[in-house]
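Remember, it's a predicted structure, so these values are computed and weren't measured experimentally. Only this structure's heavy atoms are used, side chains among them; waters, hydrogens and symmetry mates stay out.
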Amino acid sequence: MSLVKDPAGPEQLTEAEPVAEAEPVAEPERRGTASLALGATAVTMLCCPLLPEELPQWIRFFPLYLVLPVAIMALVCGLPDLWAMRGDESAARGRARIGVVLGTVATLVPPAACLVMVRLLD
C-alpha cells in the first residue's frame, strides 16, 4: 500500500465547472439603535447622584466616571450611521439623530458643571 496518490488518468479528469460569481455582500442596515441606547445610558448615568442617599456611595457616584466614555461611544456609533444614511431617502434617521444629541448633551454637561462649580467657589 502506497501513500502516494496515483496520477489521474484521462478518464478521471473532468472539465472544471465554471466558478459561480460571488454575490455581493449586503451592507448591514444602519438604524442608529446602538447610538440611541448609548446616549440614553449616558444621560441616565448623569442622574445617578440624585438617587436616594440610603444607597451606597459607589452606586450613586461610580457611573459618573463612565459618562464621558459612553457618551463618546454614542457619538462614534451615531455619526457614521447618519453619514451612511445621507443619500437614502427612505432611511429612518431618528434613532441615530437622537443618539447623537443625547451623546452630545452627556459630553457637554460634565465640563459645564465643572465650570459652574469653579465659578461658585470664586
Side-chain angles (χ1 to χ4, degrees):
M1 182 168 210
S2 172
L3 295 176
V4 179
K5 285 187 168 184
D6 292 330
E11 65 278 350
Q12 293 176 343
L13 293 176
T14 59
E15 291 182 26
E17 295 181 21
V19 178
E21 292 181 23
E23 294 188 26
V25 178
E27 189 174 319
E29 187 177 339
R30 297 186 179 264
R31 297 182 184 161
T33 306
S35 176
L36 177 63
L38 289 167
T41 302
V43 171
T44 303
M45 283 193 277
L46 286 173
C47 300
C48 283
L50 302 176
L51 291 171
E53 291 183 15
E54 292 82 30
L55 291 173
Q57 295 293 322
W58 68 272
I59 291 177
R60 293 179 58 214
F61 293 106
F62 179 71
L64 291 177
Y65 292 109
L66 303 175
V67 168
L68 282 177
V70 173
I72 291 170
M73 284 304 299
L75 293 172
V76 167
C77 290
L79 289 175
D81 286 349
L82 285 175
W83 290 329
M85 289 187 258
R86 185 177 300 185
D88 189 8
E89 296 298 325
S90 64
R93 296 174 181 85
R95 290 182 196 161
R97 283 183 182 157
I98 293 171
V100 169
V101 168
L102 290 174
T104 303
V105 167
T107 302
L108 295 177
V109 166
C114 289
L115 286 174
V116 169
M117 292 302 239
V118 167
R119 296 283 176 159
L120 289 176
L121 292 175
D122 285 344

V109-F62 co-clustered via ILVMFWY side chain contacts under 4.5 Å: yes
SG-CD1 distance between C48 and I59, expressed to the nearest 0.5 angstrom: 9.5 Å
Side chains of P63 and L66 in contact at under 4.5 Å (non-hydrogen atoms): no
Pairs touching residues 96-111 that satisfy salt bridge (Lys or Arg N to Asp or Glu O under 4.0 Å), sequence neighbours left out: none
Pairs satisfying side-chain hydrogen bond (donor to acceptor under 3.5 Å, both in side chains), at least one member in residues 68-79, at least two apart: none
Pairs meeting criterion salt bridge (Lys or Arg N to Asp or Glu O under 4.0 Å) with involvement of residues 71-88, two or more places apart: R30-D81
Residues in side chain to side chain contact (heavy atoms under 4.5 Å, CB included) contact with L68, at least two apart in sequence or another chain: T107, P110
For T33, side chain to side chain donor-acceptor pair (under 3.5 Å) partners two or more places apart: R95
Residue pairs fulfilling salt bridge (Lys or Arg N to Asp or Glu O under 4.0 Å) with at least one residue in residues 103-115, sequence neighbours excluded: none
Residues that P111 engages under side chain to side chain contact (heavy atoms under 4.5 Å, CB included), provided they are two or more places apart: none
Residue pairs passing the salt bridge (Lys or Arg N to Asp or Glu O under 4.0 Å) test where at least one lies in residues 31-47, sequence neighbours excluded: E29-R31
Any residue meeting side chain to side chain contact (heavy atoms under 4.5 Å, CB included) with T104, in chain and number order, not counting sequence neighbours: L75, V100, L108
Pairwise side-chain contact, V70 with M45, heavy-atom cut-off 4.5 Å (strictly under): yes
Under 4.5 Å side-chain linkage, directly or through intermediates, the cluster mates of V76: I72
ILVMFWY cluster, M73 and L46 together (side-chain gap under 4.5 Å): yes
Set of residues satisfying salt bridge (Lys or Arg N to Asp or Glu O under 4.0 Å) with respect to R60, sequence neighbours excluded: none
Nearest atoms (heavy-atom pairs only) where P49 meets F61: CB-CE2, 3.7 Å
Nearest-0.5 Å distance, CG of residue L82 to OG of residue S35: 7.5 Å
Could you give the side-chain donor-acceptor pairs of residues 36-43 under 3.5 Å, partners two or more places apart or in another chain?
residue : atom : partner : partner atom : Å
T41     : OG1  : A37     : O            : 2.7

